[in-house]
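Note that the coordinates shown come from a computational prediction; the quantities given were computed from them, not determined experimentally. One-based numbering along the sequence shown.
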Amino acid sequence: MVINIVLVGSNPMPCYVQAAYLMNQDREDRQQLPAPNEQVFIHTTGTQNFMNRICKMLQNKYGLSETDLSKIPLEDEAKQGDIQDNITNWLNDKKKKESIDTVILNNTGGTKVMTTYATIALREWCRENSAVLIECYLDDAAKKLNCVRSISGGNEAVDSEYAVYPKEKNLGYFVHLSVEEIGYLYDYEECKNKNETLFVRPLGKKPADGNEQKDFEDALKLIAKKILNDDEFRDLYLKLFARLSYLPNFKDRAGKICTSDFQYDTSNVKKPQILELFDQEQDGRWFHYANGFTACSPSYGGCWINLFQKMGPLSKKQRNQDKISECMSMYTNDWFEHYVYMAVRDTVEEEQKSCGKDMPEVDLVWSLVVKRKRNSKDKDFELDIVMSVGYELKVISLTIDDNFLMAKHKFFEAVFRGEILGGTHSQVIAVNWAENREALKKELSSFSGEQYHHVEIWGKDEVKDYEKLKACVKELLRSEYSKECGEAAL
């Protein structure tokens, strides 16, 4: 019988990844690192929720039953004797029913006290009972298990073998978690898209019927190209964006003002301010109100009204008032999120076609809402674009501004939120309009490292060219590969 013992700490990811890897049928090291007959989780009161979610996911994804999963509870401040006695007693009880040939210990999680005394207890028990002990530690940077195999009944200092698993690929090829599953693992009640419409085609999905989605994406690329490459046009956009941002409830009010099916009460408002703002931008390249958004000719591809009209057939909203509110959301924030999402999506699909199984699985989510349980003190939060590659989380944080301080603020916000959702090994990609990304990257370098917060900065030079932006995404993805694939492998 093979037993896998997992020490559950405040970071559930390495606990789940090691347990899931051992259950994978496609790995080539099953002889050296045998699949367990039973998984045992040592936890405290404080880590019980993480342990429960790890077990639930193993049941759902690998078909394990409750009899395949055992638990050894400890007090939060458990002492040496408590830890060693609980482990030894459990193994002795199990051995009375069935012989134990091999014990695998995942000591990546747990407190230092738990790790130290659990290791001592298992070494002594395996030596006394002539069982093989394999101690494993998950290396976040390499995404591999560092394992020491002690020969049964031997001296650990002499009769031991060191090996790294898997040999060729990394763990991300064998263990995949969607963004929603990562949120579940970290004890979040909800981790999914907002109930807003994603107007561009989602990753891995076929285009909507007709050419509506393609027409919208083409119009979006024209708008993005104009804003990101035409300084005068961008200044005009940012000027109106700033005014709208300080206007209370502007999206809701715009919807009420700009639709004929609602009588807007202007008694408490100076002349409808939103109309004033739009009417100031009557240069033929923009949009303004005149019996609805019709003043700007849709024949000009870089015009906002052209983009809004392409949104129409894709909208799930029924009332014109709600559709106008969608247009305002697209104008102020969503267009940039959609644009970057498209670049990531296109690159992932091209890589999947080129590399096949030579790349880990990818999940991609736009406008992610993360919610804790109702009685939790932690606040809900949102993330712009989130991707999981294998099991590692990548948070793409967007800033519609070229302001250096604003870019730094958004970066720190993304680091904090990425860490609480996906652990310290999550990666943060800050996308903004800063002129000099290297200067920003250098200033933020102290918050990055192999083991803590991988950081990427994509600035104005990267985002203004769609193909160059895709090249950044490709480089990001290929940093996760164990070997070159596609044309690079030739």
Side-chain angles (χ1 to χ4, degrees), residues 8-17 19-20 43 45-62 175-205 251-252 315-317 322 325-326 329-330 333-334 336-338 340-341 344-345 348 361-398 410 412-429 453:
V8 181
S10 58
N11 183 3
M13 184 65 77
C15 306
Y16 173 80
V17 170
H43 67 91
T45 305
T47 60
Q48 183 173 347
N49 283 345
F50 292 139
M51 180 273 300
N52 288 333
R53 296 204 168 205
I54 292 168
C55 291
K56 190 68 174 179
M57 289 185 63
L58 290 171
Q59 288 176 299
N60 292 340
K61 294 175 80 73
Y62 296 95
V175 180
H176 173 66
L177 291 173
S178 68
V179 172
E180 186 173 354
E181 287 171 335
I182 292 174
Y184 175 83
L185 188 64
Y186 279 88
D187 204 25
Y188 284 95
E189 193 69 17
E190 184 176 311
C191 184
K192 57 181 67 175
N193 284 93
K194 285 196 304 185
N195 294 323
E196 303 284 345
T197 302
L198 178 62
F199 289 93
V200 300
R201 178 179 60 80
L203 174 68
K205 302 292 184 181
K251 286 188 288 186
D252 180 57
S315 176
K316 296 179 181 178
K317 305 293 185 183
D322 296 328
S325 182
E326 274 189 328
S329 292
M330 182 63 67
N333 292 299
D334 291 354
F336 194 47
E337 290 185 15
H338 279 70
V340 176
Y341 180 98
V344 177
R345 177 205 66 195
V348 169
E361 288 187 55
V362 176
D363 183 37
L364 181 63
V365 179
W366 166 77
S367 198
L368 184 73
V369 176
V370 182
K371 295 184 178 181
R372 282 283 196 187
K373 295 178 180 178
R374 290 183 180 180
N375 58 354
S376 173
K377 296 181 181 179
D378 296 328
K379 294 182 178 180
D380 301 343
F381 61 90
E382 296 182 17
L383 295 168
D384 298 326
I385 298 173
V386 184
M387 176 169 56
S388 66
V389 182
Y391 59 85
E392 185 172 82
L393 197 73
K394 297 184 184 297
V395 177
I396 302 177
S397 175
L398 310 179
K410 284 282 289 183
F412 291 128
E413 180 182 71
V415 166
F416 174 72
R417 292 177 175 178
E419 180 177 332
I420 62 176
L421 177 60
T424 56
H425 54 278
S426 60
Q427 185 169 14
V428 177
I429 301 94
H453 299 141

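When each of Leu185, Leu393, Val395 is paired with Leu421, the side chain to side chain contact (heavy atoms under 4.5 Å, CB included) condition holds for Leu393 and for no other.
Residues satisfying the salt bridge (charged side-chain N to carboxylate O under 4.0 Å, His left out) test with Glu181, not counting sequence neighbours, are Lys61. With sequence neighbours excluded, no residue satisfies side-chain hydrogen bond (donor to acceptor under 3.5 Å, both in side chains) with Asp363. Among residues two or more places apart in sequence or in another chain, the side-chain hydrogen bond (donor to acceptor under 3.5 Å, both in side chains) test is passed with Tyr184 by none. Among residues two or more places apart in sequence or in another chain, the side-chain contact (heavy atoms from CB on, under 4.5 Å) test is passed with Pro14 by Asn11, Thr108, Leu138. Listed by chain and residue number, nothing satisfies the ring pair (Phe, Tyr, Trp, His ring centres under 6.0 Å) test with Tyr341 (two or more places apart in sequence, or in another chain). A search for side-chain contact (heavy atoms from CB on, under 4.5 Å) contacts involving Glu190 returns Lys192, Lys371, not counting sequence neighbours. Considering only residues two or more places apart in sequence or on other chains, Glu337 meets the side-chain hydrogen bond (donor to acceptor under 3.5 Å, both in side chains) condition with Trp366. Applying the side-chain hydrogen bond (donor to acceptor under 3.5 Å, both in side chains) criterion to Ser10, with sequence neighbours excluded, gives no partner residue. The salt bridge (charged side-chain N to carboxylate O under 4.0 Å, His left out) check on Glu382 picks up Lys194, with sequence neighbours excluded.
By the 30° and 60° cut-offs, the orientation of the rings of Tyr62 relative to Tyr16 is tilted.
Considering OG of Ser367 and CG of Asp334, their distance stands at 6.5 Å, rounded to 0.5 Å. Here the straight-line distance linking atom OG1 of Thr47 with atom CZ of Arg53 works out to 14.0 Å at 0.5 Å rounding. Annotation: the span from Ser426 atom OG to Lys394 atom NZ amounts to 9.5 Å, rounded to 0.5 Å. Taking CG from Leu398 and NE2 from His338, the interatomic distance works out to 12.0 Å, rounded to the nearest 0.5 Å. The CG atom of Asn52 sits 7.0 Å away from the NE2 atom of His43 when rounded to the nearest 0.5 Å. Distance CD/Glu326 to CZ/Phe199: 4.0 Å, rounded to 0.5 Å.
A 4.5 Å side-chain heavy-atom check between Ile385 and Leu364 finds at least one atom pair inside the cut-off. With contacts defined as side-chain heavy-atom distances shorter than 4.5 Å, the pair Val362/His176 does not qualify. The shortest side-chain heavy-atom distance between Glu180 and Leu368 does not fall under the 4.5 Å cut-off.
Nearest heavy-atom pair, Val175 versus Val17, reported as atom, atom and distance to 0.1 Å: CG2-O, 3.8 Å. Of all heavy-atom pairs between Ile54 and Cys15, the closest is CD1-CB, 3.7 Å. Taking every heavy atom of both residues into account, Val179 and Met387 meet most closely at CG2-C, 4.2 Å. Pairing each heavy atom of Phe50 with each of Gly9, the nearest pair is CD1-O, 3.7 Å.
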Any chance you could lay out the side-chain contact (heavy atoms from CB on, under 4.5 Å) test for Met57 and Leu177, step after step, and finish with the verdict?
CA-CA 10 Å; Met57 289 185 63; Leu177 291 173; 3.2 Å; yes

